K.L.:
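Questions regarding the structure given below will be posed in turn.
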Amino acid sequence: MQKGVYKLEKIVINGKRKIGGEISVQGAKNSALPILVASLLTGGVSVIHNCPRLSDVDATVKILEYLGCTVKREGHTVVVDSSGADRFDVPDSLMREMRSSIVFLGGILGRMGKAELSAPGGCEIGLRPIDLHLNAMEQFGVKIESDGGEVLCSAPEGLHGAHINLSFPSVGATENIILAATLAEGTTTVTNAAREPEICDLADFLNRCGAKIHGAGDGTVTVEGVKKLHGTEHTVIPDRIAASTFMIAAAMTGGMLCLKDVIPSHIGPLFYPLREAGCDITVSGRWVCLEAPHRLKRIKMIRTMPYPGFPTDVQAQIMALTTVADGTSVIIENIFESRFKHIGEFLRFGAKISAEGRMAVVEGVKELHSASVKATDLRGGIAMVLEGLCAEGETTVSDIYHIDRGYENPENVLSFLGADVKRVTDHERKDNKIEELPFA
Ligand code: UD1
């Protein structure tokens with residue numbers, strides 16, 4: 001969020017309506033962002049389809065334009081011509097608009113052989129350090145200096161392939177390594193690489209551009225550096241987090257929902273807990289359908305884990321579900337140390353939750369009541385909308401700019417599915433407050 005004037009928007013929900021019907025979901029934000037960055041490496045024209053219309057995509061486009069790319073958008077297609085890119089720095093103000101801007105590190109270094117970025121600080125859910133990213137870049141032969149929050153990287157001798165073992169399968173670090181390795185001299189091997197579907201989508205895009213990346217989606221990724229890439233056309237995969245969110249909305253409101261054009265295996269980690277809660281899930285080709293039970297049952301234990309484990313990005317939403325399930329559920333957040341900020345807002349709906357450290361214990365209640373809440377972060381914010389959908393009365397969720405970072409017109413999608421949800425612009429706020437760094 002920038003200094004100055006901005007709209008103060010809210011989502012207003014009249015709860016107790018069933019969510020059901022048939023939809024296709026938006027393209028994956030967490031794929032679109034690194035793929036847009038990767039277009040910088042090609043030095044040509046990349047046509048990226050199914051790119052969601054989100055504020056995080058706007059922020060990525062702004063950085064690409066600052067770097068000298070020409071970007072055109074039409075509907076869900078973004079065309080990036082990176083032939084004119086000539087800058088290697090990203091100003092702090094642009095870095096701050098989006099947490100995942102750190103992925104520009106590998107993209108800019110790969111293209112320019114040097115990069116100047118500001119280091120992201122802490123955010124709502126924890127410190128989010130970048131040590132794994134920086135250590136990996138050093139192994140390519142990059143020299144790194146830090147100066148007052150600025151990270152200055154240079155590789156006067158060029159980037160050289162390396163064997164990199166990640167101590168944790170970080171999604172962002174794996175993306176940065178792949179981006180830096182694509183045009184580096186020699187071969188790079190990453191062990192304990194992240195296996196998230198968005199890593200595969202990035203590798204697919206780059207391979208279409210002429211890169212030689214093998215093993216994406218496995219724990220070991222090999223990148224044979226190539227001299228040059230070319231532009232291509234690519235369609236971003238469906239958003240597994242948005243898909244999971246709408247399935248949970250249907251489950252919580254007693255509805256029947258079919259998602260079309262999704263990749264069911266990507267949503268697979270959610271099936272087991274939803275079935276444990278009593279939902280009937282059927283999968284056929286690129287369709288996933290859910291039928292909710294009359295009353296949800298508790299989910300004994302959910303632990304967030306790297307893919308193919310239960311995603312941290314669905315932790316808040318599944319917690320919302322357990323607040324209205326019969327019995328006691330336990331949720332353990334293993335990825336981020338402080339990703340429970342939504343709990344305080346959930347309590348306003350009458351939810352019964354106690355938390356200590358990384359563990360939350362949820363005792364399901366029969367009914368939630370409406371509340372006035374503030375989105376604390378992207379996924380926590382949409383989870384509050386879910387609470388509002390099954391609460392009696394009118395719920396207001398404010399600070400929804402967090403939600404707009406990852407969900408395209410959620411009020412329209414939910415209304416289409418039968419909810420009574422609208423976006424309301426209160427008035428404009430004028431201040432110089434810089435909001436906390438958003439979280440992805
Ligand atoms: C994480 C999620 C990803 C999700 C994204 C946005 C995992 C494994 N990753 O990716 O699925 O889409 O958030 O919500 O679930 N870490 C370090 N040093 C580093 C980098 C990371 O210690 O240099 C730690 C982080 O503090 C965190 C963990 O590793 O505890 C996961 O980080 P990472 O996978 O890098 O986060 P994202 O790429 O943001």
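Computed from a predicted structure; not experimentally measured. Here, residue 1 is the first one in the sequence, and each next residue gets the next number.
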K.L.:
Could you name each residue pair satisfying salt bridge (charged side-chain N to carboxylate O under 4.0 Å, His left out) that touches residues 245-262, not counting sequence neighbours?
P.N.:
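Passing the test, one end in residues 245-262: E22-K260.
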K.L.:
Has the side chain of E411 got a donor or acceptor atom that lies under 3.5 Å from a matching backbone atom of K422?
P.N.:
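Side chain of E411 to backbone of K422, a donor-acceptor pair under 3.5 Å: no, none is there.
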K.L.:
Apply side-chain contact (heavy atoms from CB on, under 4.5 Å) to residues L40 and C69 and explain how you reach the verdict.
P.N.:
CA-CA 8 Å; L40 181 64; C69 301; 3.7 Å; yes
K.L.:
Between A59 and M98, what is the shortest heavy-atom contact and its length?
P.N.:
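For A59 and M98, the tightest heavy-atom pair comes out as CB-CB, 4.1 Å.
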K.L.:
Just so I know, are the side chains of V37 and I108 near enough to count as touching, which here means a heavy-atom distance under 4.5 Å?
P.N.:
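A side-chain contact is absent here, since even the closest heavy-atom pair is not under 4.5 Å.
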K.L.:
Hey, is the main chain of T312 close enough, under 3.5 Å, to the side chain of T304 for a donor-acceptor pair?
P.N.:
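Judged by distance alone, no pair lies under 3.5 Å.
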K.L.:
Return the minimal non-hydrogen interatomic distance between A243 and I267, and the atom names on each side.
P.N.:
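Between these two residues, the closest heavy atoms are CB-CD1, 3.8 Å.
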K.L.:
Before giving the answer on salt bridge (Lys or Arg N to Asp or Glu O under 4.0 Å), spell out for E97 and K62 the whole-Å C-alpha distance, their side-chain angles and the decisive distance to 0.1 Å.
P.N.:
CA-CA 10 Å; E97 282 197 30; K62 265 197 225 168; 3.0 Å; yes
K.L.:
What pair of heavy atoms forms the shortest contact from A242 to V25, and how long is it?
P.N.:
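That would be C-CG1, 4.5 Å.
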K.L.:
Check whether any side-chain heavy atom of I318 lies under 4.5 Å from a side-chain heavy atom of F310, and answer yes or no.
P.N.:
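Side chain of I318 against side chain of F310, heavy atoms only: contact under 4.5 Å found.
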K.L.:
List, one per line, each side-chain donor-acceptor pair under 3.5 Å for residues 357-369, sequence neighbours excluded.
P.N.:
unit_1, atom_1, unit_2, atom_2, d
R358, NH1, E333, O, 3.1
R358, NH1, N334, O, 3.1
E367, OE1, K16, NZ, 2.9

K.L.:
Given side-chain contact (heavy atoms from CB on, under 4.5 Å), test H230 with T42 step by step and report yes or no.
P.N.:
CA-CA 5 Å; H230 49 78; T42 69; over 6 Å; no
K.L.:
Which residue pairs pass the disulfide bond (SG atoms under 2.5 Å apart) test with at least one member in residues 270-346, sequence neighbours excluded?
P.N.:
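Residue pairs passing disulfide bond (SG atoms under 2.5 Å apart), neighbours aside: C258-C289.
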K.L.:
Do any N or O atoms from the side chain of T60 and from the backbone of L36 form a donor-acceptor pair under 3.5 angstrom?
P.N.:
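No, because the side chain of T60 does not come within donor-acceptor range (under 3.5 Å) of the backbone of L36.
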K.L.:
Using modelled atom types only, decide if a donor and an acceptor are shared between the side chain of T253 and the backbone of I19 within a distance under 3.5 Å.
P.N.:
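Checked: pair present.
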K.L.:
Flag the pair L109 / M137 as yes when at least one side-chain heavy-atom distance between them is below 4.5 Å, and no otherwise.
P.N.:
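Answer yes - side chains close enough.
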K.L.:
Could you check whether any side-chain N or O of N409 sits under 3.5 Å from a backbone N or O of N412, counting only pairs where one atom can act as donor and the other as acceptor?
P.N.:
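Answer holds: no.
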K.L.:
Flag the pair S118 / V151 as yes when at least one side-chain heavy-atom distance between them is below 4.5 Å, and no otherwise.
P.N.:
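No - every pair of side-chain heavy atoms lies 4.5 Å or more apart.
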K.L.:
Indicate yes or no: does R405 engage D377 in a salt bridge with an N to O separation below 4.0 Å.
P.N.:
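Result for this pair is no, no salt bridge flagged.
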K.L.:
Taking ring-ring contact (aromatic ring centres under 6.0 Å, His included) as the test, write out the residues that go with H266, two or more places apart.
P.N.:
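ring-ring contact (aromatic ring centres under 6.0 Å, His included) list for H266, sorted by chain: empty.
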K.L.:
I need the minimum non-hydrogen distance between A351 and T323, along with the two atoms involved.
P.N.:
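What the structure gives for the nearest pair is CB-CG2, 3.7 Å.
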K.L.:
Got a list of side-chain donor-acceptor pairs under 3.5 Å for residues 165-182, not counting sequence neighbours?
P.N.:
unit_1, atom_1, unit_2, atom_2, d
N165, OD1, T191, OG1, 2.8
S170, OG, A173, N, 3.0
T174, OG1, S170, O, 2.6
T174, OG1, A194, N, 3.0
N176, OD1, G106, N, 2.7
N176, ND2, I102, O, 3.1
N176, ND2, H133, ND1, 2.9
T182, OG1, I178, O, 2.7

K.L.:
Should T189 and I164 count as side-chain neighbours, where that means a heavy-atom distance under 4.5 Å?
P.N.:
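No; the side chains remain at least 4.5 Å from each other.
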K.L.:
Write down the atom of L386, the atom of A249, and the distance for their closest heavy-atom approach.
P.N.:
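Looking at all heavy atoms of both residues, the closest pair is CD2-CB, 3.6 Å.
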K.L.:
Can you list every salt bridge (charged side-chain N to carboxylate O under 4.0 Å, His left out) pair that touches residues 294-303, not counting sequence neighbours?
P.N.:
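Sorted result for residues 294-303: R295-D326.
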K.L.:
For residues 231-256, which residue pairs qualify under ring-ring contact (aromatic ring centres under 6.0 Å, His included), counting only residues two or more places apart or in two chains?
P.N.:
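ring-ring contact (aromatic ring centres under 6.0 Å, His included) check on residues 231-256 returns F205-H234.
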K.L.:
Give me each pair satisfying side-chain hydrogen bond (donor to acceptor under 3.5 Å, both in side chains) with a member in residues 66-79, each pair once, sequence neighbours excluded.
P.N.:
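Matches after skipping sequence neighbours: H49-T77, D58-R73, Y66-R87, Y66-D89, H76-E408.
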K.L.:
Quick check for you: to the nearest 0.5 Å, what is the distance between L41 atom CG and S82 atom OG?
P.N.:
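With rounding to 0.5 Å, CG (L41) is 8.0 Å from OG (S82).
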K.L.:
Keeping D81 on the side-chain end and S83 on the backbone end, is there a donor-acceptor pair under 3.5 Å?
P.N.:
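Confirmed, D81 side chain pairs with S83 backbone.
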K.L.:
Would you mind listing every side-chain hydrogen bond (donor to acceptor under 3.5 Å, both in side chains) that reaches into residues 388-397, with sequence neighbours excluded?
P.N.:
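Sorted result for residues 388-397: empty, none.
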K.L.:
State whether the side chain of R379 and the backbone N or O of Q317 hold a donor-acceptor pair below 3.5 Å, judged by distance alone.
P.N.:
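No; zero donor-acceptor contacts below 3.5 Å.
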K.L.:
Given F349 and L347, is the side-chain contact (heavy atoms from CB on, under 4.5 Å) satisfied, shown in steps?
P.N.:
CA-CA 5 Å; F349 290 95; L347 298 180; over 6 Å; no
K.L.:
Side-chain contact, heavy-atom cut-off 4.5 Å: L389 with V421?
P.N.:
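Counting from C-beta outward, L389 and V421 do come under 4.5 Å.
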K.L.:
How about D404 and R423: do any of their side-chain heavy atoms sit closer than 4.5 Å?
P.N.:
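In short, these two side chains touch, coming nearer than 4.5 Å.
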K.L.:
Tell me, which pairs form a salt bridge (charged side-chain N to carboxylate O under 4.0 Å, His left out) where one or both residues lie in residues 231-243, sequence neighbours left out?
P.N.:
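Qualifying pairs: E198-R240.
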K.L.:
Just by distance, do the side chain of S31 and the backbone of G27 share a donor-acceptor pair under 3.5 Å?
P.N.:
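Checked: no pair found.
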K.L.:
What residues, two or more places apart in sequence or in another chain, satisfy ring-ring contact (aromatic ring centres under 6.0 Å, His included) together with Y407?
P.N.:
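Here no residue qualifies.
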K.L.:
Using residues 213-225 as the side-chain source, report each donor-acceptor pair under 3.5 Å to any protein atom, sequence neighbours left out, with the distance given to one decimal.
P.N.:
unit_1, atom_1, unit_2, atom_2, d
H214, NE2, E224, OE2, 3.3

K.L.:
For the residue pair D201 and V236, establish whether any side-chain heavy-atom pair is separated by less than 4.5 Å.
P.N.:
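Yes. Closest side-chain heavy atoms under 4.5 Å.
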K.L.:
Using the rule given for side-chain contact (heavy atoms from CB on, under 4.5 Å), can you reason through L296 versus T322, listing the C-alpha separation, both sets of side-chain angles and the distance that settles it, and then say yes or no?
P.N.:
CA-CA 8 Å; L296 290 163; T322 61; over 6 Å; no
K.L.:
Between S370 (side chain only) and G393 (backbone N and O only), is there a donor and an acceptor less than 3.5 Å apart?
P.N.:
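Checking the backbone N and O of G393 against the side chain of S370, no donor-acceptor pair under 3.5 Å is found.
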K.L.:
Under a 3.5 Å threshold, yes or no: a donor from one side chain and an acceptor from the other, between H342 and Q315?
P.N.:
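Short answer, yes.
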K.L.:
Please name the pair of heavy atoms, one in L290 and one in A251, separated by the smallest distance, quoted to 0.1 Å.
P.N.:
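In terms of heavy atoms, the two residues are closest at CD2-N, 3.8 Å.
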